Amino acid sequence: MGPLQIKEILQTSPENQSIVVKGWVRTKRESKNAIFIALNDGSTIHNIQAVAEPGQFSAELLLSVTTGSCLKITGQLVESQGSGQAVEVKIEDILVYGTADPEVFPLQPKKHSLEFLREIAHLRPRTNTFSAILRIRHALAFAVHSYFNDGGFFYLNTPIITASDAEGAGEMFRVTTLDLNKLPRTDEGAINFKEDFFGREANLTVSGQLEGELGAMALSKIYTFGPTFRAENSNTTRHLAEFWMIEPEMAFFELEDNMDLAEDFVKKVITYALENCKDDLNFLQNRLAEEEKNKPQNERSIPLLEKLSFVVDNPFERLTYTEAIEILLKSKPHKEKKFQYPVGWGIDLSSEHERYLVEKHFKKPVILTNYPREIKSFYMKLDEDGKTVRAMDVLFPGIGEIIGGSQREEDYDKLLGRVHEVGIDPQTIWWYLETRKFGTAPHSGFGLGFERLVQFVTGMGNIRDVIPFPRYPKSAEF
Ligand code: ATP
Ligand code: MN
């Protein structure tokens, strides 16, 4: 349906058949014998070349064919004379849908910085780099749904607006219809949220997990894949204020099953990208190599495709938090006091510690388990010793934590104990607690930050460059 896309046309065998091509001009080049127009419609990283003879079109028309303008070209699909492409279009007619005045159109055929492109997020999908990223992002999302569908999981839509802040207050975006200039007050002078839309305080969700667990206690295996919001004021290359999270939740899965699933899942979706996004990955690999050209040989990262294949082909290293601390205590940077943060049992690993384990010590993805209870969430199942919980974090090179998950506490009394311990009012999650009262079952799950996965697969250094319209502190323009 609709016109043929350039991706399809490039795979068509040229038989001088008439053809219509629609797309945006990447470049126009005029030589003595011909005019070459490179057209792209975003269906592929490759442009189609269209060729006209000098004098075939008026100077006025040719002047409006500039980088960024949008054309409909009618002509014949012929075997290409030049190298670099198999087919090209011999132009018979050009219709200019939209011009792009080169005096003001910001995307010129030259290298633009990623920072500059973030300021023109409405146009950056028209660059090779961003269209490649967006196509890969799509392929990964498709692979996620198909992986779970094949595995007998059901896609569960958990709420975006939530009244529970069980994951930790202070990081949430408030949702309200109250008039901020005329806030209703209680007798004590506090804001009266009874008058707000939901009759209580409401926020944007930081995770679909708690509701996901309710689904798993009925459908056995569910997953969520939806937007998640965190108002953390962290200006890092790995945090967004709005990101997409994938959260499978499985009844009858113990921690080992959970780790097996997490590892198999990321390997399968990366494999899907390797098999289906070859051209785009090659393009990004070359882009990265170009970027690192001036670095000394030993500081260059391994080529993107090699890195992805390595992750797919090798088992992840699995060890406990306690074992990881021992490794860190024996490590060179610790002994030479090179770590910025202290190491010791009980610390929340900082990213320098995680990166040491993944990039220096094991040189592959790592799954850390059995963290101290004090640094993990209340819903994680207590180990027998009562000191650690059945948590698992998957750590990736260059990214750090890509997955956080655990076996969930299924024992009502232990869970309630933990709820009190961390200071959550049990009334606010009575429905969550009830799953442990009525037909409780061992179960597990995890959360994968989709953008961190896209970041890893595309090799992009900044998470703001792997989502079409990034949200971060002081930025919500587009
Ligand atoms: P981090 O320690 O890296 O801030 P977290 O421990 O707060 O992450 P979880 O609450 O475990 O993260 O969320 C599960 C996953 O969601 C993480 O493993 C990560 O991939 C992703 N994630 C968390 N916060 C963000 C964010 N602000 N932007 C993008 N992805 C995120
Ligand atoms: Mn985490």
Side-chain angles (χ1 to χ4, degrees), residues 137 140 144 158 162 164-173 204-210 212-213 223-249 258-259 261-263 265-266 269-270 316 321 341 347-355 357-358 365-369 371-372 374-380 389-408 422 444-458 460-473 475-476:
R137 185 182 163 103
L140 288 169
V144 166
T158 50
T162 164
S164 80
D165 68 345
E167 287 262 326
E171 290 184 358
M172 303 183 101
F173 289 100
L204 293 178
T205 186
V206 295
S207 159
Q209 182 201 317
L210 300 191
E213 285 187 45
Y223 71 104
T224 73
F225 188 172
T228 313
F229 308 86
R230 297 195 183 174
E232 48 200 355
N233 202 358
S234 43
N235 266 304
T236 77
T237 54
R238 298 174 302 113
H239 290 90
L240 288 164
E242 176 180 298
F243 64 101
W244 288 67
M245 185 131 75
I246 297 151
E247 295 179 280
E249 203 61 49
N258 204 20
M259 286 194 273
L261 177 75
E263 181 168 343
F265 166 62
V266 284
V269 297
I270 293 174
F316 295 180
Y321 167 92
Y341 296 97
I347 60 153
D348 204 352
L349 296 178
S350 56
S351 85
E352 58 176 349
H353 304 138
E354 296 179 343
R355 294 188 70 157
L357 292 168
V358 174
V366 168
I367 310 183
L368 283 189
T369 60
Y371 284 73
E374 285 78 16
I375 58 171
K376 287 292 182 188
S377 302
F378 73 94
Y379 49 70
M380 298 189 178
V389 289
R390 311 207 87 201
M392 57 157 222
D393 276 10
V394 182
L395 313 178
F396 261 39
I399 305 283
E401 183 190 325
I402 193 161
I403 287 178
S406 70
Q407 183 167 346
R408 317 305 190 193
V422 301
S444 301
F446 61 80
L448 166 84
F450 184 53
E451 283 73 20
R452 292 204 186 163
L453 175 70
V454 182
Q455 230 188 318
F456 182 74
V457 173
T458 58
M460 296 302 287
N462 196 319
I463 198 165
R464 297 171 184 179
D465 296 330
V466 299
I467 186 165
F469 305 103
R471 296 282 176 265
Y472 49 94
S475 174

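Predicted model only: the values in this text are computed from it and were never measured. Whatever order the structure lists ligands and atoms in, that order sets their numbers, starting from 1.
- Between the side chain of Gln455 and the backbone N or O of Thr237, at least one donor-acceptor pair lies under 3.5 Å.
- Under a cut-off of 6.0 angstrom, the local environment of CZ in Phe173 is crowded, with over 12 non-hydrogen atoms contributed by other residues, nucleotides or ligands.
- Checked by distance only, ligand 1 and Leu448 stay at 3.5 Å or farther apart across all their nitrogen or oxygen atoms.
- Residue-ligand proximity, Ile463 to ligand 1, at heavy-atom distances under 4.0 Å covers atoms 29 (C).
- Shown are Phe243, Trp244, Phe225, Tyr223; of these, the ring-ring contact (aromatic ring centres under 6.0 Å, His included) with Phe450 is made only by Phe225.
- Under a 4.0 Å heavy-atom criterion, Leu453 is not in contact with ligand 1.
- Atom CD in Glu401 sits 4.0 Å away from atom CG in Asp393 (nearest 0.5 Å).
- The backbone of Ile402, and not its side chain, has at least one atom closer than 4.0 Å to an atom of ligand 1 (non-hydrogen atoms only; backbone = N, CA, C, O).
- Contact annotation: for Asp393 versus ligand 1, there are no heavy atoms closer than 4.0 Å.
- Contacts between Glu451 and ligand 1, counted as non-hydrogen atom pairs separated by less than 4.0 Å, are absent for every part of the residue.
- Counting heavy atoms under 4.0 Å from ligand 1, residue Arg452 touches it through the side chain alone.
- Proximity of a side-chain donor or acceptor of Arg230 to a complementary backbone N or O of Val206 within less than 3.5 Å is detected.
- For ligand 1, the atoms lying closer than 4.0 Å to a non-hydrogen atom of Arg230 are 5 (P), 7 (O), 9 (P), 10 (O), 12 (O), 13 (O), 23 (C), 24 (N).
- Both the sub-6.0 Å distance and the 45° axial angle are satisfied by Arg464 relative to the ring of Tyr472.
- Interface of Arg238 with ligand 1, defined as ligand atoms under 4.0 Å from a residue heavy atom, comprises 3 (O), 28 (N), 29 (C).
- Taking distance alone, with nitrogen or oxygen atoms compared against 3.5 Å, Met245 stays at or beyond that limit from ligand 1.
- Looking only at side-chain heavy atoms (C-beta outward), Arg471 and Leu240 stay at 4.5 Å or farther from each other.
- The minimum heavy-atom distance between Val389 and Pro372, with the atom names listed, is CG2-O, 4.4 Å.
- If you number the atoms of ligand 1 from 1 as listed, the ones under 4.0 Å from a heavy atom of Ile403 come out as 18 (O).
- Of all atoms in ligand 1, listed by their number and element, those nearer than 4.0 Å to a heavy atom of Gly404 are 18 (O).
- Taking the side chain as every heavy atom from C-beta outward, Tyr371 and Met380 never approach each other to under 4.5 Å.
- Annotation for ligand 1: atoms under 4.0 Å from non-hydrogen atoms of Glu232 are 24 (N), 26 (C), 27 (N).
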